[in-house]
Structures are given as structure tokens and as C-alpha cells.
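Here is the naming used below: chain letters follow the sequence lines, and residue numbers restart at 1 for every chain. Note that this is a predicted model, so its numbers are computed, not measured.
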Amino acid sequence: MMIKLERVKLQTRKSEEAVNITPAVEEIVRKSGVRNGLVNVMTQHTSSGLLVTEGIPCLEEDILTHFARLFPEDENYHHRRYLDYDGRLGFNADAHLKSVIGGISCSFPIEDGKVVRGSRQTIYFMEYDGPLERTYMVQIIGE
Amino acid sequence: MIDFHTHPVLVRELVEKYPRFGRAAREVFYIGNNFQPLETFFLQMDAAGIERAVLLPVDCRRARKDPVATNEQVAELSRMSPRFIGFASVDPLTKTAPKNLALAVKNLNLRGLKLDPALQDFDSGGKAAFAVYEAAEHLKIPVLLHTGMSWAPGSAIAPGHPMRLEPAIRRFAGLNFVLAHFAWPWVWEAVALAMKYPNVYLDTSCLYYDSPKEFFDFVFTRQIPLTIIERTLRNQVVFGSNYPRVEIKNMVHALKSLPLTEGCKNKILRENAERLLEKTDE
């Protein structure tokens with residue numbers, strides 16, 4: 001069995017955005033040489049997310065809009081304080097909560113060297129507190 | 001719009017090029033965020049609607065072993081983009097400080113002076129500092145001083161008291177002093193200095209608890225009445241974010257959320273900064 005881990009850097013360009021990373025994940029799987037197994041994708045950050053949905057702009061907008069409704073920027077969060085371990089204030093609780101509710105990872109089977117996913121399923125890196133350079137991990141387990 | 005208060009401490013290109021740069025960011029300036037490519041800095045400015053940003057170094061080699069960016073590093077970034085306005089920093093307790101400042105302005109095209117009495121461990125009202133103020137006045141550049149509370153570990157709060165600056169403000173009437181962070185918690189003292197002396201400006205980069213909107217609401221509507229800014233100090237307040245201690249967009253949103261007139265906001269977000277810098281354009 002083979003286990004491969006790749007770290008992918010992604011420069012987000014807006015405060016919030018949904019970035020389709022499906023082609024990048026499929027390319028990493030293809031290059032890995034693994035024919036049958038599992039691919040797991042995970043963000044390394046707690047104010048971003050990873051989720052799977054239909055890859056159309058209206059849904060991208062709906063997700064961000066309704067996450068903002070669930071976790072308004074101006075809500076009364078305990079996180080709004082000086083973080084002595086970080087040298088700065090935490091006032092992005094809304095971004096953290098969106099990450100929690102939206103999830104931070106997804107998995108798909110690999111069959112005959114290809115990611116097996118539904119025809120509508122698209123893998124999104126979700127930026128909730130950008131713009132920043134982010135890192136997500138792609139781990140492939142198989143043979 | 002102009003951000004008059006940013007620190008290039010997380011720029012990865014500088015971390016990779018200069019071995020001590022990362023240590024200064026982590027242990028002297030004290031910030032734990034990931035280092036980011038320079039592109040992120042510009043994108044952060046874009047997300048906030050900021051066109052140009054003042055880059056501030058701190059020459060604290062004597063007091064803290066490493067500078068928080070050098071004049072040369074700030075000049076290097078400023079040469080990369082016209083969106084950056086580089087300031088210089090010198091150590092007032094070094095005899096060559098006035099000469100070093102002149103060289104930084106003339107040779108590196110830096111356009112202001114940044115001093116931090118807490119981090120640099122000097123008395124902003126002392127004789128040594130006066131020699132640097134005199135040089136800055138001669139060079140026709142503004143001086144931005146850290147005033148108020150400092151987060152930097154190992155630094156004291158008291159050196160940031162704005163009233164220590166009054167003798168210098170009186171002595172160097174031709175030098176524009178920008179008191180950073182609205183000198184929080186000594187906001188009334190800073191306001192009084194700005195009300196009395198036309199060569200005193202205040203920057204808005206104050207955030208010590210809560211969110212930017214909440215903190216601005218407290219400082220600018222309850223700690224002092226907002227009318228002081230709108231009616232009296234509209235020409236002496238400049239926008240500053242203190243990025244990357246806080247994202248620029250959050251501070252811009254906080255400022256814009258205040259019930260000031262659009263004319264007053266324009267002065268704070270652009271016109272007052274342009275006036276402070278115009279002599280350095282000559």
C-alpha cells in the first residue's frame with residue numbers, strides 16, 4: 001500500500017470566496033500512480049474550509065450569504081479579545097464558526113486511477129477570512 | 001485611501017532573504033501569523049480599498065537585538081511598488097542618528113520617521129530625541145511615534161505617554177508629529193495636544209480589545225465625543241490600521257461605521273495623509 005501527502009498552496013484574493021480545487025485534486029491523484037484507494041483533502045487553517053457541493057456560481061454565493069446570516073460579523077463573540085499567544089486580536093470568530101459548520105475536509109474513492117465522484121460534486125476550498133495564502137493537504141492512500 | 005500605519009513584518013520574501021527578519025517578527029514585534037507572500041499585502045490593501053500604505057520599520061537593534069525591518073528593507077519594498085510609502089527609523093541614542101536619518105531620506109528616498117519609545121527604549125522627551133526631531137524638521141518629513149499602550153513583550157507602557165512629547169511639539173513647531181494609536185488609553189491627552197498644537201496629528205490604529213467596530217465606537221463616541229473629530233480635529237486625524245496586527249479591511253469598516261460626515265471621512269482616509277506627505281513630494 002502507498003501513502004502520499006501533498007501540500008498545496010493557494011492564494012485567495014477576496015475576503016470570502018469559494019475556490020474550485022477539483023481539477024487540482026484530480027491531477028494530484030493522477031500523478032500519484034495510485035490505481036485504487038482513497039483521497040482525503042483537508043485545509044490546514046481554522047478560518048477556512050473544505051466542502052463539496054454542485055459547482056455552480058449561484059450555490060457558491062448562497063453558501064457564503066447564508067453562512068454570513070448564521071454567523072454575522074457583528075455578533076457578540078467571546079473571541080474578540082487580545083490573543084497573547086498570537087500578538088494580535090481575535091475578531092474573526094465568524095470565520096472560525098463558518099469553518100466548523102461547513103467542514104474542513106472531504107474524501108473520495110479512487111478507482112482505476114481516477115477520483116470517483118458524482119457528476120455534480122465539486123470540491124471547494126472555502127475562504128472565510130482572506131485574502132491570504134492558504135495551504136490544503138491532499139493525502140492519497142491506496143495501491 | 002491611504003493607510004498611514006502598517007508594518008511589513010510578515011512579508012515572506014524578506015524572511016527568506018534576511019535570516020534575522022523572521023526572528024524579529026516573532027520575538028520582537030511579536031506576531032504569530034503565518035508569513036505571507038508580498039502579493040497578500042497588496043490583496044489585503046485591495047480588499048480594504050486602500051491605494052497606498054506607509055511602511056514602518058523600528059530600529060530597535062540596541063534594545064532588542066534585531067530591528068523590526070531595516071530602512072534598507074523598507075526601501076527595497078518601496079522600490080517594488082509605488083503603492084508603498086517607506087518611512088525610516090533611527091535609534092535616537094546613537095550619536096549618528098541625525099546623520100543616519102538624513103542618509104535614509106536622501107539615499108533611500110524614505111519619506112518619514114518612525115520612532116517607538118517603548119520598543120526602542122528611549123525617552124521621547126529626552127535630549128537625544130531632540131537631535132533627531134531637529135533633523136526631521138530640517139528634512140521636512142513627518143515623525144510618527146508609537147504612543148499609548150504597547151503589546152510588545154518586555155516593553156513598558158509608560159514611555160508611550162503622549163504628554164512626554166509636549167516639550168518637543170512646542171520646540172519643533174515646524175515638525176509634524178503623528179501620535180499613533182490615538183495614544184490609547186491616554187486619548188484625552190492626545191486629543192488635547194492635537195487641539196492645542198496644529199503640528200500634532202493622531203492616527204486611528206487603536207485596537208486593544210473587542211472588535212474594531214466596537215473599539216472605535218467606544219473610543220470615538222464614548223471615551224471622547226465624536227464631535228471633537230468632526231468639528232475640531234477633522235484636519236489632524238489620519239487613518240492607520242496597524243496591519244498585520246489587524247486586517248486593514250476591518251479597520252476601514254470600523255472607521256466608515258462611525259457617524260462622521262463623508263467630508264470628514266475623506267480627510268481622515270486620504271486628504272490629511274496627503275498633506276502630511278506633500279512636503280516629501282517636493
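- For B:Gln44, the parts lying near chain A are the backbone and the side chain together; criterion is any non-hydrogen pair under 4.5 Å.
- Comparing A:Lys9, A:Lys14, A:Arg13 by heavy-atom pairs within less than 4.5 Å of chain B, the highest count is held by A:Arg13.
- Contact count versus chain A (heavy atoms, under 4.5 Å) is highest, among B:Gln36, B:Arg12, B:Glu214, for B:Gln36.
- The distance from the NZ atom of A:Lys4 to the CD1 atom of A:Ile140 is 7.0 Å, given to the nearest 0.5 Å.
- Between B:Tyr201 and B:Phe4, the distance separating the two ring centers is not shorter than 6.0 angstrom.
- Of the two parts of B:Pro153, neither the backbone nor the side chain holds a non-hydrogen atom closer than 4.5 Å to a non-hydrogen atom of chain A.
- Among residues 102-139 of chain A, the residues having any heavy atom closer than 4.5 Å to a heavy atom of chain B are, in sequence order, A:Asp129, A:Gly130, A:Pro131, A:Leu132, A:Glu133.
- Counted by atom type alone, B:Gln223 and B:Trp188 present zero donor-acceptor pairs between their side chains at under 3.5 Å.
- Within residues 56-79 of chain A, the residues that have a heavy atom under 4.5 Å from a heavy atom of chain B are A:Glu73, A:Asp74, listed by number.
- Only the side chain of B:Asn34 comes within less than 4.5 Å of a heavy atom in chain A; its backbone stays farther off.
- Minimum interatomic distance between A:Met2 and A:Val34 (heavy atoms only, all atoms of both residues): SD-CG2, 3.8 Å.
- Checked against the 6.0 Å centroid criterion, the rings of B:Tyr30 and B:Trp151 do not qualify as a close aromatic pair.
- Heavy-atom proximity under 4.5 angstrom to chain B picks out A:His45 from residues 39-48 of chain A.
- Scanning all heavy atoms of the two residues, the minimum distance from B:Phe21 to B:Pro8 falls at CZ-O, 3.2 Å.
- Within the 4.5 Å cutoff, the side chain of B:His161 has no heavy atoms near those of the B:Thr147 side chain.
- The pair A:Asp94-A:Lys98 counts as a salt bridge, with a side-chain nitrogen and a carboxylate oxygen less than 4.0 angstrom apart.
- In this structure, the side chains of B:Thr40 and A:Thr12 stay at 4.5 Å or more apart for every pair of heavy atoms.
- Remark: side-chain polar atoms of B:Thr227 are not paired, donor with acceptor, to backbone N or O of B:Glu230 under 3.5 angstrom.
- For B:Glu247, the parts lying near chain A are the backbone and the side chain together; criterion is any non-hydrogen pair under 4.5 Å.
- With a 4.5 Å cut-off on non-hydrogen atoms, B:Arg26 does not touch chain A at all.
- Test B:Val9, B:Leu10, B:Val58, B:Asp66 against B:Phe29 for side chain to side chain contact (heavy atoms under 4.5 Å, CB included) and you get one pass: B:Val9.
- B:Leu119 places a side-chain heavy atom less than 4.5 Å from the side chain of B:Val68.
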- Task: Determine, step by step, whether B:Lys65 and B:Glu27 satisfy the salt bridge (charged side-chain N to carboxylate O under 4.0 Å, His left out) criterion, reporting the C-alpha distance in whole Å, the side-chain angles of both residues, the deciding distance to 0.1 Å, and the verdict.
- Result: CA-CA 10 Å; B:Lys65 293 184 182 174; B:Glu27 297 179 27; over 6 Å; no

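- Using cut-offs of 30° and 60° on the angle between ring planes, the pair B:His181 and B:His5 is tilted.
- Looking at B:Val246, B:Ile248, B:Val252 one by one, the single match for side chain to side chain contact (heavy atoms under 4.5 Å, CB included) with B:Asn250 turns out to be B:Val246.
- Of all heavy-atom pairs spanning B:Ala273 and B:Val238, the tightest one is N-CG1, 3.7 Å.
- Salt-bridge check for B:Arg270 with B:Glu51: passed, with a basic side-chain N closer than 4.0 Å to an acidic carboxylate O.
- B:Glu189 and B:Pro162 get closest at one heavy-atom pair: CB-CG, 3.9 Å.
- A distance below 6.0 Å separates the ring centres of B:Phe215 and B:Tyr209.
- In terms of heavy-atom pairs under 4.5 angstrom with chain A, the leader among B:Ile31, B:Asn242, B:Asp210 is B:Asp210.
- Using a 4.0 Å cut-off between a side-chain N of Lys or Arg and a carboxylate O of Asp or Glu, B:Arg61 and B:Asp91 do not qualify as a salt bridge.
- Heavy-atom proximity under 4.5 angstrom to chain B picks out nothing from residues 18-33 of chain A.
- Only the backbone of B:Tyr208 has a heavy atom closer than 4.5 Å to any heavy atom of chain A.
- Using a cut-off of 4.0 Å between Lys/Arg side-chain N and Asp/Glu carboxylate O, B:Asp46 and B:Arg83 are scored as salt-bridged.
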